[in-house]
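Indexing begins at 1, ligand by ligand and atom by atom, following the structure's order.
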Amino acid sequence: MTATRGLEGIVAAESSICSIVDGVLCYGGINIDELAEHATFEEVVYLLWHGALPKRDQLETLKKQLGESAAVPAEVIESIRNYPQGIHPMAALRTAVSSLALYDTEAQDMSTEANYRKAIRLMAQTPTLIAAYARLRNGLEPVAPKVEYTIAQNFLYMLKGEEPTETAVKALDVALILHADHELNASTFAARVTVATLTDIYSGIVSAIGTLKGPLHGGANEAVAKMLTEIGSMDKVEGYVRSKLDNKEKIMGFGHRVYKDGDPRAKWLKQMSKALTTQIGRPELYEMSVKIDDMVTGEKGLKPNVDFYSASVYISLGLEIDLFTPIFAISRMSGWTAHIMEQYENNRLIRPRADYTGPVNQHYVPIDRR
Ligand SMILES: CC(=O)SCCNC(=O)CCNC(=O)[C@H](O)C(C)(C)COP(=O)(O)OP(=O)(O)OC[C@H]1O[C@@H](n2cnc3c(N)ncnc32)[C@H](O)[C@@H]1OP(=O)(O)O
Ligand SMILES: O=C([O-])CC(=O)C(=O)O
């Protein structure tokens with residue numbers, strides 16, 4: 001047996017949710033470019049869950065279900081209130097989602113219908129949990145969600161406690177569309193491995209959140225924002241990137257396991273970064289990003305991934321840097337739940353083999369003779 005490091009190129013599941021073929025990303029067969037331009041995030045959620053775009057009444061039903069499910073149990077808010085100071089919001093989210101399961105009477109109901117209802121609740125409640133945690137740690141009371149608001153609108157409203165601008169809602173909505181699903185990325189794979197044991201949907205989502213948190217995956221958007229902050233100004237970009245490259249250190253937001261010729265989502269975020277950084281009067285954030293991009297692409301041939309320009313987009317929306325990965329989780333909740341439901345529908349335990357490289361023919365040695 002020979003191991004394929006990182007399972008690169010291994011086809012580990014059949015799925016009809018999302019495809020990446022020759023560098024083209026589609027959800028349900030629809031190019032991400034069309035969805036970014038024309039769709040709303042709620043339409044994309046429906047598309048991922050049902051395999052087709054919703055008709056008007058189907059969309060209205062989903063929006064109503066999401067809006068009505070957005071409030072979280074008071075007990076969960078109370079437990080968030082008692083989280084220790086200084087924890088990462090992804091750690092808070094991981095624990096908060098796990099505690100949602102404790103108050104969901106359907107948590108262990110494995111019927112298709114109950115799992116769909118739980119997917120709606122998870123999708124609707126994730127923004128509420130993140131916003132509540134973000135406010136509580138800053139000494140502010142949580143703001144209740146509005147039933148009639150979209151996910152993007154509600155999240156910004158709950159976070160800031162005031163009506164978000166149309167520009168901000170639109171930008172976040174497009175970002176949510178772009179991050180919604182990505183085939184067998186690490187967190188989705190983790191979710192599928194977890195639920196393939198026929199454990200509950202919450203356990204699968206907790207695995208996924210823990211996996212997304214890492215800086216080689218979703219955590220890269222936060223790392224990019226920290227890098228921009230650390231660099232600080234245009235004149236420091238060259239020295240910073242050069243020293244990273246010379247020291248063979250990774251530059252976050254670049255490279256991808258599947259895309260070797262560029263991530264199709266990055267151009268949308270780049271465009272948004274340009275517009276939004278200009279609007280807030282901080283064009284240097286975009287200019288620094290472009291300079292980093294030019295250097296890394298030029299010297300290493302590595303292109304920016306979805307996490308690179310999303311950092312300056314979220315900074316422009318006035319969001320705290322450590323909320324960037326939780327925002328990714330809001331979006332990816334749609335894909336995770338779609339994949340979990342697909343896994344349940346045609347399940348087989350996921351259990352690969354390992355190529356053993358340890359010692360052989362060893363014997364037990366009593367402790368005082370070791
Ligand atoms: C939503 C997402 O998850 S998108 C990805 C987000 N993650 C990041 O942005 C983190 C930075 N990027 C990386 O770490 C990687 O490119 C990954 C994890 C995304 C893909 O990893 P892999 O497919 O395993 O590629 P791997 O890490 O083996 O890289 C291949 C080569 O390119 C180099 N490389 C890859 N990414 C980078 C980078 N961002 N900066 C500098 N060098 C890099 C590696 O050092 C390696 O070089 P070597 O062959 O000389 O050793
Ligand atoms: O697919 C991957 O490996 C990572 C990624 O871009 C994503 O999850 O969006």
Inventory of protein N or O atoms under 3.5 Å from ligand 1 N or O:
| residue | atom | partner | partner atom | Å |
| --- | --- | --- | --- | --- |
| ligand 1 | 3 (O) | His217 | ND1 | 2.7 |
| ligand 1 | 7 (N) | Leu216 | O | 2.9 |
| ligand 1 | 9 (O) | Gly253 | N | 2.8 |
| ligand 1 | 9 (O) | Asn305 | ND2 | 2.9 |
| ligand 1 | 12 (N) | Phe254 | O | 2.8 |
| ligand 1 | 14 (O) | Lys250 | NZ | 2.8 |
| ligand 1 | 16 (O) | Phe254 | O | 3.4 |
| ligand 1 | 23 (O) | Arg257 | NE | 2.7 |
| ligand 1 | 24 (O) | Arg257 | NH2 | 3.0 |
| ligand 1 | 27 (O) | Lys250 | NZ | 2.8 |
| ligand 1 | 39 (N) | Ile251 | O | 2.7 |
| ligand 1 | 39 (N) | Phe254 | O | 2.9 |
| ligand 1 | 40 (N) | Ile251 | N | 2.9 |

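- Ion pairing between Lys291 and Glu287 fails under the 4.0 Å rule for side-chain N and carboxylate O.
- Of all the atoms in ligand 2, the ones that sit under 4.0 Å from a non-hydrogen atom of Arg265 are 5 (C), 6 (O), 7 (C), 9 (O).
- A distance below 6.0 Å separates the ring centres of His182 and Tyr259.
- Legend: salt bridge (charged side-chain N to carboxylate O under 4.0 Å, His left out) pairs involving residues 85-108, not counting sequence neighbours, sorted by first then second residue: Asp104-Arg121, Glu106-Arg117, Glu106-Arg121.
- The protein heavy atom nearest to atom 4 (C) of ligand 2 is His256 NE2, 3.5 Å.
- Side-chain contact annotation: His179 with Arg332, donor-acceptor N/O pair under 3.5 Å absent.
- Under a 4.0 Å N-O distance rule, the pair Glu148/Lys63 does not qualify as a salt bridge.
- Taking only non-hydrogen atoms, the option from His217, His179, Arg332 nearest to atom 9 (O) of ligand 2 is Arg332.
- Although no hydrogens or angles enter the test, the distance criterion places a donor-acceptor pair under 3.5 Å between the side chain of Tyr344 and the main chain of Ile201.
- Side-chain atoms of Thr277 come within 3.5 Å of backbone N or O of Ser273 as a donor-acceptor pair.
- Among protein heavy atoms, atom 1 (O) of ligand 2 sits closest to His182 ND1, 2.6 Å.
- Residues Glu163 and Lys146 are paired through a salt bridge, judged by an N-O separation under 4.0 Å between the basic side chain and the carboxylate.
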